[in-house]
Each structure stands twice: as structure tokens, then as C-alpha cells.
Enquirer: 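To start, I am sharing the structure in question, which I have written as C-alpha cells.
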There are 2 protein chains.
Amino acid sequence: MTRADEAAAPNGRTRDAARTQAEILDVATREFARAGYDGARVDEIAARTRTTKRMIYYYFGGKEQLFTAVLERAYGVIREAERRLDVEHLDPVAAIRRLAELTFDHHEQHPDFIRLVSIENIHGAEHIAASEKLGRIGSPALDVIRRILAAGQESGLFTADVDAVDLHAMISSFCFFRVSNRHTFRVLFDRDLVDPAQHEHYRTMLGDMVIAYLTAERAAE
Amino acid sequence: MTRADEAAAPNGRTRDAARTQAEILDVATREFARAGYDGARVDEIAARTRTTKRMIYYYFGGKEQLFTAVLERAYGVIREAERRLDVEHLDPVAAIRRLAELTFDHHEQHPDFIRLVSIENIHGAEHIAASEKLGRIGSPALDVIRRILAAGQESGLFTADVDAVDLHAMISSFCFFRVSNRHTFRVLFDRDLVDPAQHEHYRTMLGDMVIAYLTAERAAE
DNA sequence: TCACTAACGTACTGGTTCGTACATTAGTCA
DNA sequence: TGACTAATGTACGAACCAGTACGTTAGTGA
């Protein structure tokens, strides 16, 4: 049930529902990320698969549902990474920095995911709204942030009274923008935000920004 | 040469190249922002105009060039707003906050612009790269940031040694994300980042974040 | 081993959509 | 005022593309 089992094939053409579906999802992810929802071609996806267009409709129903399935899997990947994060042993400052870096790294390593989310926003998030899987789960990152924030605020280390969702937005915005807008930013300002040589530079900048915000001395509010 | 001059029309149908072009651009902006580049329909744009599809090709050449023209005008609007900004009389902290708020407000008030930029990034910024107008101008905001940053760093008020482009990226990321990703964010985290009731909340958060970053006490670097 | 079904392939269609060939009219300048 | 051109309208075509009707084969359980 894990992936393909090429060995079992008699002459090369085996029937394997799970593998076929996974292959379609892989190719569809690239195609949707490449060209957007309307720019993506079902025929193109089929052509890059070892199967045919008929199978896409057989397994997923249509282009819309295929895109929804692609989104569900992409969100699943980052949630899994967030779940694996362990910051219990760190102090609040180090823990927040660690979480921010996880988001930073994941976004950088998964530009297709960023593109899919951008595309989904162009379409008003209608696909994830219709998805049952993505509807009411809530991100694991949010739970982590909540715990760190509570510890940091209680100890007096964190002076800002943000809530977890807003802090998540702050971290995500920096990480997301850097990848999603790198093309226009490069053309307009002649700077590559995803230049590997600047990786550490921006990673540090993000952490500094978040920590500075959380620990700043506030004037009387 | 400013806009239309309805008065001159004898019975309602006048020939006015400037007005026709402006009207096409207005409608095209909405249509591209609504549906993305590939989702936008040239026929739909023509239908919502007082002219015909023929005119779109007559004046702009094609769908691609029309989209480029739409982008050029949209960028022109924000650059004009940045040019009008006057922060010379403010101290560096207030000046940076003021500039951040300008970006914040502009992005909030021009969601179509945000969508167009998102769409352009999906397409690798190929249209603005091909544009002569947008190629080598550089944003007025950048000049403003450079001056403020120099003053703030000289006076010792700003401890961070960022450059103007990176600071611009930081400010833009927060403002852009809030608008561009509001749909997925609302569905996934049940929070409307563009809720009018939270306008001041996020505006303050942005300013606090940037100022905290710029003025934070750094450990020895 | 045979029947049954899940998995798969081929060929096609109906609607859509960008773009254009061709025809026409309003303004303007000599 | 008449000729010339910029501006505009109509009708159509060719390609493209999501989706499907119909037919076939591999595995599997009785």
C-alpha cells in the first residue's frame, strides 16, 4: 500500500490503482503549479503519466476535483512536517525561532506548494472550502505556537500580546512572499530573494524580526 | 487628453481613442484580477465595454499585451502614491511607520492590484520583464526608505543593518500576504485578515514589527 | 477454469475562445 | 466639400480542450 511494486509486473504493464493515482497526483501537482488552474491542461497531465486521461476522470471525477486532491496532499505534507517538530525542550525564544525556520525552510523547499496556494487564493479558496479533509483540521503549527506563546508571555519574556493565529500570519507572510513574489521582485528590484547565497541572511532576518517584535519594550498602551 | 468628454457627443456614439483605451483597461483589470490570465476571457472584456473585441486587438495587439498594459497601469498607481509621500519632516521611527502604513493602506484598498501581481508571479513575471515601462524604473518607495534608513542608522536609533530593498521586502510581505492569502487563511484558520474591524490592529502590528526589528538591541554580531 | 469486476485504452464530440478578414463610418485637413 | 485616415463594427474560422461513449484486458474469487 506504500507505493509501486514494479517487480510484480509480468511485462511492464501492471494494474495498480494506488500507484496510478499517486502518479497522476504527482504530475498534476507540477502541471497546476506550472500553469495555474485554467492554464493547466488535463491532456498534458495525462500525457506525462503512464496512464491516460480516462483514468483521471475515473479516479478523480474531473479537473476541479483533481486540483482539490492536489491541494489536500500538498497541505498534508507541511502539516506532517509541523507535526514532527519538537520544541518542548527549548526556551520560548529559541522555540519560536525554530518554528519560524521550519516554515522558512519548508516554503523554500516546496515552491510548488506556494504556487498552488497562490492559485487557490486567486480562485477564492473555493476548492479547500469544498474539501472535507482540509475544512476543519487546523494547523499543528498553531498548537505549537500557542504553547510557546503562553510560556513566553507567562515568564514575562514576551511583551507583545499577539495571539497564535496572528503570529502565524506574520511568520507565514515573510516566508510565503519571499517565494511567491520572487519573480516580480527580481525584475523590479533586481534582487533574488531565494538566492542560495542569501539563504542564511533571510533566515536570520526572519527570526530577528519575530523575536524583536515579541520581546520589544512597549510604550504604555 | 485627460479622460472622456461626453459633452462633445452628438448622439451618444463618439470616436474617442483615449476613452476607449482607458475603458478597455478598466474592464480588463477587473477581468484579469477576477479570473487570472488564462481564466480571463477577451470576449468577456469586450462585452463589458462600450466597444468591441476588435478594438482590443486594434489598440493592444493581443491578450498578452493587454495584460502587460494592465500591469503597467496598476504599478503606476502605487508608484504615484509613493511619490506623493512626504516624510522629510518626521523622525526616522515615525517616517518608517508612515511609509509602512502607506503600503498597508494601498494594498488593502487595491486588492485587484495584489491579485494581478500574484497572477504575474505565477507566470514568472514574464510580462513585466517584457515591459519597457516597468523594466528599469525602481520604486520611489525605495528612495524614501534609503533616506530614512541612512538617517536612522547614523543617529544610532536603528541598530539593524538592513538595506532598503530587504526592508521593503519585509514591509511588503506582511501587507501583500494579508490581502493575497486572505481566502485560504480564512478557510483554514477561520480569521479574516482584512476584517475592517481589525484594520487598526494589523496596521499597528506591522509598524510595531518593523520598528522593533530596526531598533532591537542586538547581541554582539 | 471460468465468470465477474476493477482497471484501463481509444476515439471522438460539442462547446469554447483567441484572433482576423472584411466592411463601414466619423472626424479632419487641404 | 471632398478625400483621406483613424476608429469602429460584424461575422467567421481554426484550434483547442474538458469530458465521455464505447470497447478491452488483467486480476481474482468461487
Enquirer: Under 4.0 Å, counting only non-hydrogen atoms across every strand here, what does B/Thr52 touch: a base, just sugar-phosphate, or nothing?
Expert: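 Here B/Thr52 touches the bases of the nucleic acid.
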
Enquirer: What integer distance in Å separates B/Ile56:CD1 from C/dT17:C1'?
Expert: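 After rounding, the reported distance stands at 13 Å.
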
Enquirer: Using a heavy-atom cut-off of under 4.0 Å over every strand shown, decide if B/Arg41 touches base, sugar-phosphate, or nothing.
Expert: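 Sugar-phosphate only.
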
Enquirer: Any donor and acceptor pair, going by atom type alone, linking the side chain of B/Lys133 with main-chain N or O of B/Ile128 inside 3.5 Å?
Expert: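 Side chain of B/Lys133 to backbone of B/Ile128: no pair is present.
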
Enquirer: Quick one: B/Phe67 CZ to C/dG19 P, roughly how many Å, whole number?
Expert: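 The distance from CZ of B/Phe67 to P of C/dG19 comes to 14 Å, rounded to the nearest Å.
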
Enquirer: Does B/Thr20 make a side-chain N or O approach to OP1 or OP2 of D/dA7 shorter than 4.0 Å?
Expert: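 For B/Thr20, the contact criterion (side-chain N or O under 4.0 Å from OP1 or OP2 of D/dA7) is not met.
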
Enquirer: What is the separation between atom OH on B/Tyr57 and atom C1' on C/dT20, rounded to the nearest whole Å?
Expert: 9 Å

Enquirer: Is there a donor in the side chain of B/Thr51 and an acceptor in the side chain of B/Glu23, or the other way round, less than 3.5 Å apart?
Expert: no

Enquirer: Take B/His201 and A/Asp166 through the test side chain to side chain donor-acceptor pair (under 3.5 Å) and record every step on the way to the result.
Expert: CA-CA 10 Å; B/His201 169 67; A/Asp166 284 348; 2.7 Å; yes

Enquirer: Find the distance A/Met55:CE to D/dT20:P and express it as a whole number of Å.
Expert: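 It works out to 14 Å between those atoms.
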
Enquirer: Hey, what's the ring geometry for A/Phe174 with A/Tyr202, parallel, tilted or perpendicular (30° and 60° as the breaks)?
Expert: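 Ring orientation, 0 to 90° scale: tilted.
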
Enquirer: To the nearest angstrom, how far is A/Glu64 atom CD from D/dC17 atom P?
Expert: 17 Å

Enquirer: At 4.0 Å (heavy atoms only), tell me whether B/Ala46 reaches a base, stays on the sugar-phosphate, or touches nothing.
Expert: nothing

Enquirer: OP1 or OP2 of C/dC8 less than 4.0 angstrom from a side-chain nitrogen or oxygen of A/Tyr59, does that happen here?
Expert: yes

Enquirer: State which of C/dC18, C/dA7, D/dA18 makes the closest approach to the side chain of A/Ala17.
Expert: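 For A/Ala17, the side-chain atoms sit closest to C/dA7.
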
Enquirer: How long is the line joining OH of B/Tyr58 and C1' of D/dA6, in whole Å?
Expert: 5 Å

Enquirer: Between atom CD in A/Gln65 and atom P in D/dA18, what is the gap in whole Å?
Expert: 14 Å

Enquirer: Pick the closest DNA chain C nucleotide for B/Lys63 and for A/Lys53 by heavy atoms, then say which residue is nearer the 5' end.
Expert: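 By nearest-heavy-atom nucleotide position, the 5'-most residue is A/Lys53.
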
